[in-house]
Number of protein chains: 2
Amino acid sequence: MKTEKISELTINRLSIYLRCLNELAGAGEATVSSRSLAERFNLNSAQIRKDLAYFGEFGIRGVGYYVEDLRQQLMRILGLLTTHRVAIIGAGNLGLALANYPGFSEKSFRIVAIFDVDPAKVGMKLRDGLTISRTDGLRETIERESVEIVILTVPAEVAEAVFNEVTGAGVRTVLNFAPVHLPPRPGVKVKTVDLSISLESLSHFLANPAGEPSGW
Amino acid sequence: MKTEKISELTINRLSIYLRCLNELAGAGEATVSSRSLAERFNLNSAQIRKDLAYFGEFGIRGVGYYVEDLRQQLMRILGLLTTHRVAIIGAGNLGLALANYPGFSEKSFRIVAIFDVDPAKVGMKLRDGLTISRTDGLRETIERESVEIVILTVPAEVAEAVFNEVTGAGVRTVLNFAPVHLPPRPGVKVKTVDLSISLESLSHFLANPAGEPSGW
DNA sequence: AATTGTGAATTCCTTCACAGCC
DNA sequence: GGCTGTGAAGGAATTCACAATT
């Protein structure tokens with residue numbers, strides 16, 4: 001158990017391990033080794049052991065890890081034992097799709113508000129208790145609803161302004177889908193999902209078959 | 001100009017630089033230095049110069065880079081001078097949102113087909129010439145429409161099977177939104193966008209204020 | 001004077017390899 | 001025998017710092 005700072009890459013892998021453990025638990029497996037885990041997503045087994053070792057000694061030599069125990073540990077480490085209250089800002093196609101996204105564990109994340117500037121959208125009921133709100137009440141609603149996580153699905157031009165408003169209201173974590181760089185704010189964590197970058201990376205691959213240089 | 005292999009991270013940054021150059025070109029700027037570019041997304045200026053140096057010598061000492069020239073170079077390197085034909089598989093909320101996503105440059109990416117298994121959805125017209133197709137014709141349509149890029153927005157359970165089908169049909173690049181590890185295939189590039197991982201990373205941050213360990 | 005391009009230094013991440021334990 | 005936990009080695013990515021160039 002170290003006090004070193006833990007890399008983002010490690011945290012991302014913990015999520016992957018957890019997902020796999022959920023499946024193993026569902027399949028009734030009692031234990032799993034770092035090797036068999038590693039084979040599922042071709043990773044190195046030492047990597048898995050090192051990732052876990054940052055947080056404690058969860059395994060048993062000669063045996064492996066108890067699936068249910070490790071699952072609980074990972075849920076705790078990832079903060080998934082409590083429910084986080086989420087707001088979506090921007091009820092365009094993407095915002096609405098995320099509001100209904102089934103992949104977010106219901107237990108750990110609950111969407112409590114969704115906002116849009118368009119008066120035609122305000123008032124639209126999405127489902128039980130989730131209605132599109134006006135953006136003028138943004139700050140107030142965030143505070144009243146104790147929103148911890150904001151998902152930003154607004155146009156790029158206004159993303160930074162909205163970001164400033166929500167962090168000003170005390171939000172410390174933002175999942176940003178706008179294709180812009182948000183300025184760093186102390187104590188605030190931003191994850192940006194940039195779909196254009198992903199597509200352009202694929203485009204580069206198509207343009208440069210088999211590791212050929214693209215320079216000339 | 002090297003023959004070294006170029007990191008994914010470098011390619012991703014090229015997309016970021018390109019976006020910025022587009023703005024600068026729009027604002028009528030003629031030249032830009034690596035330093036001023038770096039300041040916009042707090043990066044190191046040497047990083048930018050190194051990234052560009054993999055592909056050629058595009059700058060002028062004492063001056064910087066010509067905005068329009070560098071823009072063209074990056075478009076070429078990223079393969080954005082030709083249009084790539086894209087198919088979306090899975091017309092759920094996310095698939096439909098991406099079909100209408102305005103962020104993909106129209107010039108470089110064109111969505112030519114969208115598929116779903118649900119008979120109730122098949123035949124739905126989304127817009128000019130884009131109608132939801134049945135999945136049985138998948139392989140045939142991919143070949144007929146010369147699809148180069150597939151966006152996978154199907155449920156996790158079927159993602160691998162669909163992946164095998166599209167790569168079998170000759171598709172070499174896949175943008176995967178299903179929360180699964182897709183097995184590596186030679187000559188095929190996969191980019192996975194995993195929304196749960198992103199959210200769980202934010203959750204971890206909330207659970208572990210200011211770099212405190214989460215072990216005990 | 002300003003800025004690029006790049007070896008050298010540094011920092012960060014992954015993999016190896018094995019002692020220690022079950 | 002099998003598997004974890006980890007120090008040491010190796011590899012990759014970033015940053016420094018400066019010679020070269022306009």
Side-chain angles (χ1 to χ4, degrees), chain A residues 1-14 16-17 20-21 24 29-67 69-71 73-74 77 184 201 211 213 215-216, chain B residues 1-17 20-21 24 29-67 69-70 73-74 77 184 201 211 213 215-216:
Chain A
M1 183 61 218
K2 340 274 148 55
T3 319
E4 310 167 44
K5 86 168 217 305
I6 290 145
S7 129
E8 184 76 31
L9 296 168
T10 290
I11 301 300
N12 290 345
R13 283 190 298 263
L14 295 188
I16 295 173
Y17 307 154
C20 190
L21 288 165
L24 289 170
E29 298 288 328
T31 64
V32 67
S33 69
S34 60
R35 173 132 79 89
S36 80
L37 261 188
E39 280 165 2
R40 292 172 182 255
F41 6 78
N42 51 318
L43 260 186
N44 184 291
S45 68
Q47 173 106 83
I48 295 180
R49 297 197 297 277
K50 270 241 153 82
D51 284 341
L52 298 175
Y54 284 112
F55 302 96
E57 305 204 356
F58 304 133
I60 292 153
R61 291 164 199 235
V63 177
Y65 302 87
Y66 285 114
V67 169
D69 173 49
L70 187 55
R71 204 171 83 84
Q73 296 283 0
L74 290 179
I77 293 163
S201 156
W216 33 45
Chain B
M1 183 60 219
K2 340 274 147 59
T3 319
E4 309 167 46
K5 86 168 216 305
I6 290 145
S7 129
E8 184 78 30
L9 296 168
T10 291
I11 300 300
N12 290 344
R13 283 190 297 263
L14 295 187
S15 285
I16 296 173
Y17 307 154
C20 190
L21 288 164
L24 290 170
E29 298 289 327
T31 65
V32 67
S33 69
S34 60
R35 173 132 78 90
S36 80
L37 215 38
E39 279 165 2
R40 294 175 181 251
F41 5 79
N42 52 320
L43 260 184
N44 184 292
S45 69
Q47 173 106 83
I48 295 180
R49 297 197 297 277
K50 270 238 154 81
D51 284 340
L52 297 176
Y54 284 112
F55 302 96
E57 303 204 358
F58 303 133
I60 292 153
R61 291 167 198 234
V63 177
Y65 301 86
Y66 286 113
V67 169
D69 173 48
L70 187 55
Q73 297 284 359
L74 290 179
I77 293 163
S201 155
W216 35 45

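Naming: A, B, ... by sequence-line order, numbering from 1 per chain.
To the nearest angstrom, P of D:dA12 lies 18 Å from CG of B:Asn12. Atoms CG (B:Leu52) and C1' (C:dT6) sit 13 Å apart, rounded to a whole Å. In this structure, the OH atom of A:Tyr17 is 14 Å from the C1' atom of D:dT4, given to the nearest Å. What separates CD of A:Glu8 from C1' of D:dT14 is a distance of 17 Å, to the nearest Å. To the nearest angstrom, C1' of C:dT3 lies 13 Å from CD of B:Glu57. Atom CZ of B:Arg13 and atom P of D:dA12 are 15 Å apart (whole Å). Rounded to whole angstrom, the span from the CD atom of B:Gln73 across to the P atom of C:dT4 amounts to 16 Å.
Of all the residues in residues 34-48 of chain A, A:Asn44, A:Ala46, A:Gln47 reach under 4.0 Å from DNA chain C with at least one non-hydrogen atom.
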What N/O pairs connect the protein and nucleotides 8-10 of chain C at under 3.5 Å? Give each pair on its own line.
unit_1	atom_1	unit_2	atom_2	d
C:dA8	N6	B:Lys50	NZ	3.4

Produce the list of close N/O pairs, under 3.5 Å, pairing protein atoms with atoms of nucleotides 20-22 of chain C; give distances to one decimal.
unit_1	atom_1	unit_2	atom_2	d
C:dG20	N3	A:Arg61	NH1	3.1
C:dC22	O4'	A:Arg61	O	3.0

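In this model, no donor atom of one side chain and acceptor atom of the other lie less than 3.5 Å apart for A:Arg40 and A:Ser36.
Using a 4.0 Å heavy-atom cutoff across all strands shown, B:Leu9 reaches sugar-phosphate atoms only and no base atom. When heavy atoms are screened at a 4.0 angstrom cut-off, B:Thr10 is found touching no nucleic acid atom at all.
Heavy atoms only, all atoms of each residue included: A:Arg49 and A:Ser34 are closest at NH1-OG, 3.0 Å. Taking all atoms of both residues into account, the shortest heavy-atom contact from A:Leu37 to A:Cys20 is CD2-SG, 3.6 Å. Residues A:Asn42 and B:Pro184 share a closest heavy-atom pair of ND2-CG, 3.8 Å. When all heavy atoms are compared, the tightest approach of B:Leu21 to B:Val67 is O-CG1, 3.7 Å.
Side-chain N/O atoms of B:Arg49 include none lying less than 4.0 angstrom from OP1 or OP2 on D:dA17. For the OP1/OP2 pair of D:dG5 and a distance below 4.0 Å, the side-chain nitrogens and oxygens of A:Tyr65 include at least one atom meeting the criterion.
For the pair A:Leu74/A:Leu52, a side-chain contact is recorded, criterion being any heavy-atom separation below 4.5 Å from C-beta on. Taking 4.5 Å as the limit, some side-chain heavy atom of B:Leu14 sits within range of a side-chain heavy atom of B:Phe55. Side chains of B:Ile77 and B:Tyr54 form no contact here, defined as non-hydrogen atoms less than 4.5 Å apart. Contact check for B:Asp51 versus B:Tyr17: side-chain heavy atoms found under the 4.5 Å cut-off.
Within the model, atoms OH of B:Tyr65 and OG1 of B:Thr31 stand 12.0 Å from one another, a figure rounded to the nearest 0.5 Å.
Mapping B:Asp51 and A:Gly59 onto DNA chain D via the closest heavy atom, the residue that lands nearer the 5' end is A:Gly59.
Within a 6.0 Å radius of CZ in B:Phe41, other residues, nucleotides and ligands contribute more than 12 heavy atoms. Atom CZ of A:Arg71 sits in a crowded spot, with more than 12 heavy atoms from other residues, nucleotides or ligands closer than 6.0 Å.
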